[in-house]
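Position 1 is the first residue of the sequence; numbering continues from there.
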Amino acid sequence: GDWSEDRLMTDIIQAVQAGKPVHLRYPYATRPWQHVLEPLAGYLLYVEALADGKTEDKALNFGPSQSHKVVDLVETVLSFWPNNSGWTLEESEDLESKILELDSTRALAALGWETRLSLHNAVSMVVDWHKKYEEHKEITPITIDQISAYRDILKET
C-alpha cells in the first residue's frame with residue numbers, strides 16, 4: 001500500500017496493472033526484501049522484552065536472513081500475473097549500492113526473532129493485497145486477514 005514514487009514493489013504492480021513492462025535500473029543489485037509484518041512483529045516483541053526487562057539491547061535490526069536480487073523479486077511478482085509484459089533494463093545515471101543487507105543476529109540472540117516468510121510467500125501476500133484492493137478499494141478486511149494469517153504463522157513456530 002505504499003504508492004510513493006520510486007518504490008520497486010509499487011512500480012512493479014503499477015506496470016503490471018497498466019500492461020507495461022517493469023523498468024529496472026539495477027536488476028542484479030541485492031536488497032533485504034521482507035513483508036512489512038515481519039519487522040513489525042520484531043518491533044512488538046522488542047518493546048515487550050524491554051518493558052518486561054528481558055533485554056537491555058538499545059538497538060536491533062529486524063531484517064531477513066537472506067537478501068535477494070531485484071530481478072528475483074520482480075520475476076516472483078510477475079509469476080502471479082501470467083499475462084504480464086516482463087521487465088526491461090533502463091539506463092540510469094543514478095548511483096545505487098549493489099548490495100544492501102541487514103544483520104539481525106542480535107535480534108535472534110536477544111529475542112529469538114527471525115523472519116518466517118519466504119520471498120515467495122511474502123510476495124504472494126503483497127500481490128494478493130493489491131489485487132483485492134483493486135477489486136474492492138477497501139484495505140481493512142484484507143489487511144486484517146493478512147495480520148491474522150501471519151499471527152497463525154508465528155504461533156506455529
Are [X] and [Y] side-chain neighbours, meaning at least one heavy-atom pair lies under 4.5 Å?
X      : Y      : result
Asp11  : Leu24  : no
Glu156 : Arg116 : no
Met9   : Trp33  : no
Glu38  : Pro64  : no
Asp145 : Lys132 : no

Spacing of [atom1] belonging to [X] relative to [atom2] belonging to [Y], to within rounding of 0.5 Å:
X      : Y      : atom1 : atom2 : value
Met125 : Thr143 : CE    : OG1   : 9.5 Å
Lys54  : Glu48  : NZ    : CD    : 6.5 Å
Phe62  : Thr115 : CZ    : OG1   : 12.0 Å
Asn61  : Leu102 : CG    : CG    : 5.0 Å
Ile153 : Gln146 : CD1   : CD    : 10.0 Å
Glu90  : Tyr26  : CD    : OH    : 10.0 Å

(message) Classify the ring geometry of Phe80 against His120: parallel below 30°, tilted from 30° to 60°, perpendicular beyond 60°.
(response)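 Ring orientation of Phe80 relative to His120: tilted.
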
Consider only side-chain heavy atoms of I, L, V, M, F, W and Y, link residues closer than 4.5 Å, and tell whether [X] and [Y] are in one cluster.
X      : Y      : result
Leu117 : Val123 : no
Tyr43  : Leu60  : yes
Ile139 : Ile147 : no
Ile142 : Val127 : no
Tyr133 : Trp81  : no

(message) Is it the case that atom NZ in Lys137 sees more than 12 heavy atoms from other parts of the structure closer than 6.0 Å?
(response)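 Yes, because the 6.0 Å sphere around NZ of Lys137 holds more than 12 heavy atoms from other groups.
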
(message) Take a 6.0 Å sphere around CD of Glu135 and say whether it holds more than 12 heavy atoms from other residues, nucleotides or ligands.
(response)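 It does: Glu135 CD has more than 12 such atoms within range.
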
Minimum-distance pair of heavy atoms, taken over all atoms of [X] and [Y]:
X     : Y     : value
Ser97 : Ala29 : O-CB, 4.1 Å
Arg31 : Glu96 : NH2-OE1, 3.3 Å
Ala15 : Pro21 : CB-O, 3.7 Å

(message) Under a 3.5 Å distance rule, please check whether Asn84 uses its side chain to pair with a backbone N or O of Gly86 as donor and acceptor.
(response)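 Yes; at least one donor-acceptor contact below 3.5 Å.
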
(request) Assess the side chains of Thr140 and Glu138: does a donor N or O sit below 3.5 Å from an acceptor N or O? (result)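 Note: Thr140 and Glu138 side chains meet the donor-acceptor criterion.
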
(message) Does either side chain, that of Glu75 or that of Trp87, offer a donor lying less than 3.5 Å from an acceptor on the other one?
(response)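 A pair is found: one side chain offers a donor N or O, the other an acceptor, under 3.5 Å apart.
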
(request) May I have the step-by-step check of side-chain contact (heavy atoms from CB on, under 4.5 Å) for Tyr46 and Leu111, ending in yes or no? (result) CA-CA 7 Å; Tyr46 179 50; Leu111 307 172; 3.8 Å; yes

(message) Applying the side-chain contact (heavy atoms from CB on, under 4.5 Å) criterion to Val126, which one of Ile13, Ile12, Val36, Asn121 satisfies it?
(response)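 Only match with Val126 under side-chain contact (heavy atoms from CB on, under 4.5 Å): Ile13.
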
Pairs of donor and acceptor atoms involving the side chains of residues 66-74, under 3.5 Å and at least two apart or interchain, shall be tabulated with distances.
residue: Ser67; atom: OG; partner: Leu100; partner atom: O; Å: 3.2

